[in-house]
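See structure below.
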Amino acid sequence: MTKITEGEKTSFEFAEYTVISGSEKLRLIVVYRIPYSPAHPIGVSTFLGEFADYLESTVLTPEPLLITGDINIQVDVPDDPDAIKFLDLLDFLGLAQHVKTPTHRCGHTLDLIITREINSLIGTTPISDSYFSDHCTVLCDLTLRKPALAMKQVSYRKLKIIDISEFKSDLQESSLCRDAPQDLNELVANYNSVCSGVMDKHAPLVKKTIVTQSRVPWFNDTIKAAKRERRKYERIWRTTGLESD
């Protein structure tokens, strides 16, 4: 996801992003309409004018368009004049609003998900989820495909299965220990050959194909260390079975 621009009009704030998933690209716009208050005496009529001007160029973007955000207009009230004008504006521009459930503690639909009518972008009906504030999160699936998983082949040895005493014995009986070459180049070659042969005998090289995934942005070294620490203590608990562990 890459930020394209952000800005502020008299009546609303916005940010635009490009989201790339595999070979597909999406234009994401997040909007916040500041509600009317004595500190911000800007009404819905001003917002409708500014938003219409903003959308005239935005709807021409070549990518599928997804507009989300807190519009602070009660679009669930059929006879609300502001809601009627706002929905008429979307209809005029070929846009559709998909949220049908309340998104505010007072029971109104204020947080919206808007797409072009011609784009089948919404995969599931949006639902209202958790209330982290007076507004709730709104969730839905999009029809964008996930990036294809990359595959690679790795090689490894099961070192824990090595019998150390037998491993030592084979080294002691090898030409490296019994009759080591005096020439340096021959000695290095003999060292590599003997060590590889003994290792292949006791812990053969195993090849495996795995799926590689790029690290998610929130996963950092601190989280990695914490997960490693958690696994260490989990292994102790599984060994002892003690409640204290």
Side-chain angles (χ1 to χ4, degrees), residues 1-9 11-36 44 47-147 216-218:
M1 183 167 70
T2 306
K3 180 183 285 187
I4 302 171
T5 185
E6 63 182 356
E8 183 176 347
K9 305 291 185 180
S11 59
F12 71 97
E13 303 167 355
F14 68 92
E16 297 184 20
Y17 303 86
T18 295
V19 182
I20 299 176
S21 178
S23 60
E24 298 191 57
K25 184 182 292 186
L26 168 71
R27 178 67 63 94
L28 170 64
I29 299 174
V30 182
V31 177
Y32 172 60
R33 177 189 159 252
I34 308 166
Y36 183 92
V44 175
F47 167 73
L48 292 174
E50 291 185 340
F51 197 52
D53 293 340
Y54 172 72
L55 288 179
E56 280 183 0
S57 58
T58 304
V59 294
L60 300 178
T61 58
E63 311 94 350
L65 182 64
L66 178 65
I67 304 173
T68 70
D70 176 10
I71 305 298
N72 277 309
I73 295 177
Q74 300 174 0
V75 298
D76 56 301
V77 180
D79 56 355
D80 184 293
D82 294 334
I84 293 172
K85 293 176 183 177
F86 177 72
L87 295 175
D88 283 346
L89 171 63
L90 297 184
D91 183 64
F92 175 75
L93 294 171
L95 301 173
Q97 197 291 112
H98 300 274
V99 181
K100 306 300 180 185
T101 56
T103 65
H104 191 264
R105 290 195 185 279
C106 293
H108 291 293
T109 305
L110 307 181
D111 306 271
L112 311 181
I113 296 176
I114 300 167
T115 66
R116 293 191 186 97
E117 291 181 341
I118 61 173
N119 294 141
S120 301
L121 189 59
I122 304 300
T124 58
T125 302
I127 60 171
S128 299
D129 193 56
S130 303
Y131 279 89
F132 294 104
S133 65
D134 55 332
H135 292 255
C136 70
T137 53
V138 182
L139 308 179
C140 73
D141 291 335
L142 304 181
T143 56
L144 291 176
R145 293 189 297 271
K146 291 183 178 180
V216 292
W218 50 263

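Computed from a predicted structure; not experimentally measured.
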To the nearest 0.5 Å, what is the distance between CD1 (Ile113) and CD1 (Ile122)? 5.5 Å

Using distance only, find each side-chain donor-acceptor pair of residues 62-70 under 3.5 Å and give its atom names and separation, not counting sequence neighbours.
from: Asp70; atom 1: OD1; to: Asn72; atom 2: N; distance (Å): 3.2
from: Asp70; atom 1: OD1; to: Asn72; atom 2: ND2; distance (Å): 3.4
from: Asp70; atom 1: OD2; to: Asn72; atom 2: ND2; distance (Å): 3.3

Interatomic distance, Thr109 atom OG1 to Ile71 atom CD1 [nearest 0.5 angstrom]: 12.5 Å

Return all side-chain donor-acceptor pairs below 3.5 angstrom for residues 48-55, not counting sequence neighbours, or 'none' if the list is empty.
from: Glu50; atom 1: OE1; to: Thr10; atom 2: N; distance (Å): 3.2
from: Glu50; atom 1: OE1; to: Ser11; atom 2: N; distance (Å): 2.9
from: Glu50; atom 1: OE1; to: Ser11; atom 2: OG; distance (Å): 2.6
from: Glu50; atom 1: OE2; to: Thr10; atom 2: N; distance (Å): 3.3
from: Glu50; atom 1: OE2; to: Thr10; atom 2: OG1; distance (Å): 2.9
from: Tyr54; atom 1: OH; to: Glu16; atom 2: OE2; distance (Å): 2.6

Before giving the answer on side-chain contact (heavy atoms from CB on, under 4.5 Å), spell out for Leu95 and Gln97 the whole-Å C-alpha distance, their side-chain angles and the decisive distance to 0.1 Å. CA-CA 7 Å; Leu95 301 173; Gln97 197 291 112; over 6 Å; no

Between CD of Glu24 and OG1 of Thr143, what distance do you get to the nearest 0.5 Å? 7.0 Å

Is there any side-chain hydrogen bond (donor to acceptor under 3.5 Å, both in side chains) pair reaching into residues 110-119, and which pairs are they, with sequence neighbours excluded? Thr61-Arg116, His98-Thr115, Thr103-Asp111, Asp111-His135, Arg116-Asn119

CG/Leu110 to CG/Asp76 distance, rounded to the nearest 0.5 angstrom? 7.5 Å

For Tyr17, check side-chain contact (heavy atoms from CB on, under 4.5 Å) against everything at least two apart and list the hits. Met1, Lys3, Ala15, Leu28, Val30

For Phe47 and Ile34, what are the C-alpha separation, side-chain angles and deciding distance, and is it a side-chain contact (heavy atoms from CB on, under 4.5 Å)? CA-CA 9 Å; Phe47 167 73; Ile34 308 166; over 6 Å; no

About how many Å separate CD1 of Ile127 and SG of Cys136, when rounded to the nearest 0.5 Å? 9.5 Å

Do you know the tightest heavy-atom contact between Cys140 and Pro126? CB-CA, 3.7 Å

Just so I know, are the side chains of Leu121 and Leu26 near enough to count as touching, which here means a heavy-atom distance under 4.5 Å? yes

Please check: side-chain N/O of Thr137 versus main-chain N/O of Ser130, any donor-acceptor pairing under 3.5 Å? yes

Could you pull out the closest heavy-atom pair between Glu8 and Phe14, with the gap in Å? N-CE2, 3.9 Å

Across all chains, not counting sequence neighbours, the side-chain contact (heavy atoms from CB on, under 4.5 Å) partners of Thr18 are Ile4, Ile20, Lys25, Arg27

Rounded to the nearest 0.5 Å, how far does NE2 of His104 lie from OG of Ser133? 7.5 Å

Under 3.5 Å, side-chain donor or acceptor atoms of residues 78-90 against the rest of the protein: list the pairs with distances, not counting sequence neighbours.
from: Asp80; atom 1: OD1; to: Asp82; atom 2: N; distance (Å): 2.9
from: Asp80; atom 1: OD1; to: Ala83; atom 2: N; distance (Å): 3.0

